Amino acid sequence: MKFDVLIIGGGVSSVSCALVLGSAQYKAFAKSKKIGIITHQKTSALQDAIFYNAYGIAPGTLGSELLNSSTEHLAETYPHVTQIPNEKVLSVEGTAPHFKITTNKNTYTAEIVVIGIGSANTFAIEGLMPYVIPHQKALPIKNRIQLQNTDHKVTDGIYVIGTLAGWRSQLAIAAGSGAAVATDILTLWNEGEQTHSHDSIRVK
């Protein structure tokens, strides 16, 4: 299966990225784009979280509930975004715009790859290991890692989001990171002209 963009991860930053990309479906430069997200969530930091200080989220919401409701939201609102559950990415090979992503079950190709899994030192995706560095905003004792990047860009065609991009572990920061990269990709699709994707109650 071939994608224009394939997002790896099913947590906050990844689903946020997918939601913004999905919401641009009626823009001329995005309507023909094929978007995919590999929603592997078993090691997500959200599994043990409970939220009282996250904007827009009801106090007491469990992270485990949010993991389920966010992918349901994505499926219901933007069904054209292909969700690929229960697969773990093993390698990312190639250069832009020809990437091959191999999981434990399948192989996919993509023009752009977005990496949004956590910052645990168990990270082991072949092809991305040369970019691994110690996390710049985590306590050394936690032994966290990040991918070396400039404004989320690892190299041509590869972006990293969330804690793996070097951000602190706050839901709002992770969501913003994913959304920021989504708008960077939309801008790229829009031939470099700055853009974003807003929903509005006003008549379009």
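Just so it is clear, the values below take in all heavy atoms, side chains as well, and ignore hydrogens, waters and symmetry mates. Everything quoted here is computed from the prediction, not taken from an experiment.
Taking 4.5 Å as the limit, every side-chain heavy atom of Thr187 sits out of range of all side-chain heavy atoms of Trp189. Using a 4.5 Å heavy-atom threshold, the side chains of Val5 and Glu111 count as separate. A 4.5 Å side-chain heavy-atom check between Ile115 and Ile158 finds at least one atom pair inside the cut-off. A heavy-atom distance below 4.5 Å is not found between the side chains of Val181 and Val160. For the pair Val89 and Asn104, the minimum side-chain heavy-atom distance is 4.5 Å or more. Residues Lys34 and Met1 are in side-chain contact: their nearest non-hydrogen atoms beyond the backbone lie under 4.5 Å apart. Residues Val114 and Ile8 form no side-chain contact, since every pair of their non-hydrogen atoms from C-beta on lies 4.5 Å or further apart. Annotation: side chain of Cys17 is in contact with side chain of Ile161 (closest heavy-atom distance under 4.5 Å).
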(request) Start with the C-alpha distance between Val81 and Ile37, add both sets of side-chain angles, then the distance that settles side-chain contact (heavy atoms from CB on, under 4.5 Å), and finish with yes or no. (result) CA-CA 7 Å; Val81 176; Ile37 177 171; 4.1 Å; yes
(request) Evaluate the side-chain contact (heavy atoms from CB on, under 4.5 Å) criterion for residues Phe51 and Leu62: first the C-alpha distance (whole Å), next the side-chain angles of each, then the deciding distance (0.1 Å), finally the verdict. (result) CA-CA 6 Å; Phe51 294 101; Leu62 296 175; over 6 Å; no
(request) Please lay out, stage by stage, how Asn121 and Phe123 fare under the test side-chain contact (heavy atoms from CB on, under 4.5 Å). (result) CA-CA 5 Å; Asn121 63 359; Phe123 183 91; over 6 Å; no
(request) Could you give me the CA-CA distance, side-chain angles and deciding distance for Lys27 and Asn190, then say whether side-chain contact (heavy atoms from CB on, under 4.5 Å) is met? (result) CA-CA 9 Å; Lys27 294 182 181 289; Asn190 196 32; over 6 Å; no
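A donor-acceptor pair is defined here as one N or O able to donate and one able to accept, closer than 3.5 Å; no such pair exists between the side chain of Thr77 and the backbone of Leu74. Judged by distance alone, the side chain of Asn149 and the main-chain N or O of Ala165 form a donor-acceptor pair under 3.5 Å. The backbone N or O of Ile173 sits nowhere less than 3.5 Å from a side-chain atom of Ser177 that would complete a donor-acceptor pair. Using modelled atom types, no side-chain atom of Thr61 and backbone atom of Ile57 make a donor-acceptor pair closer than 3.5 Å. Side-chain atoms of His80 come within 3.5 Å of backbone N or O of Gly22 as a donor-acceptor pair. Side-chain N or O atoms of Gln194 include none that pairs as donor or acceptor with a backbone N or O of Gly192 at under 3.5 Å. Looking at Thr150, its side chain never comes within 3.5 Å of a backbone N or O of Lys153 through a donor-acceptor pair.
To the nearest 0.5 Å, the span separating CD1 on Ile7 from OG1 on Thr39 amounts to 11.0 Å. Atom CZ of Arg168 and atom OG of Ser119 lie 12.5 Å apart (nearest 0.5 Å). For the atom pair Leu128 CG and Thr155 OG1, the distance stands at 10.5 Å (nearest 0.5 Å). Interatomic distance, Asp4 CG to Leu188 CG, rounded to the nearest 0.5 Å: 10.5 Å.
No side-chain donor from either of His135 and Trp167 sits under 3.5 Å from a side-chain acceptor of the other. No hydrogens or angles considered: nothing links the side chains of Gln83 and Tyr78 as a donor-acceptor pair under 3.5 Å. Side-chain polar atoms of Glu87 and Thr103 form a donor-acceptor pair below 3.5 angstrom.
When the side chains of ILVMFWY residues are joined at heavy-atom separations under 4.5 Å, either directly or via intervening members, Phe99 and Tyr159 end up in two distinct hydrophobic clusters. By the rule that hydrophobic residues join a cluster once side-chain heavy atoms approach within less than 4.5 Å of another member, Ile38 and Leu67 end up as members of separate clusters.
Applying the side-chain hydrogen bond (donor to acceptor under 3.5 Å, both in side chains) rule to Thr195 yields no partners; only residues at least two apart in sequence or on another chain are considered.
A salt bridge links Lys100 with Glu93; the closest basic N to acidic carboxylate O contact falls under 4.0 Å.
Applying the 6.0 Å contact sphere to CD of Gln148 captures no more than 12 heavy atoms from other residues, nucleotides or ligands.
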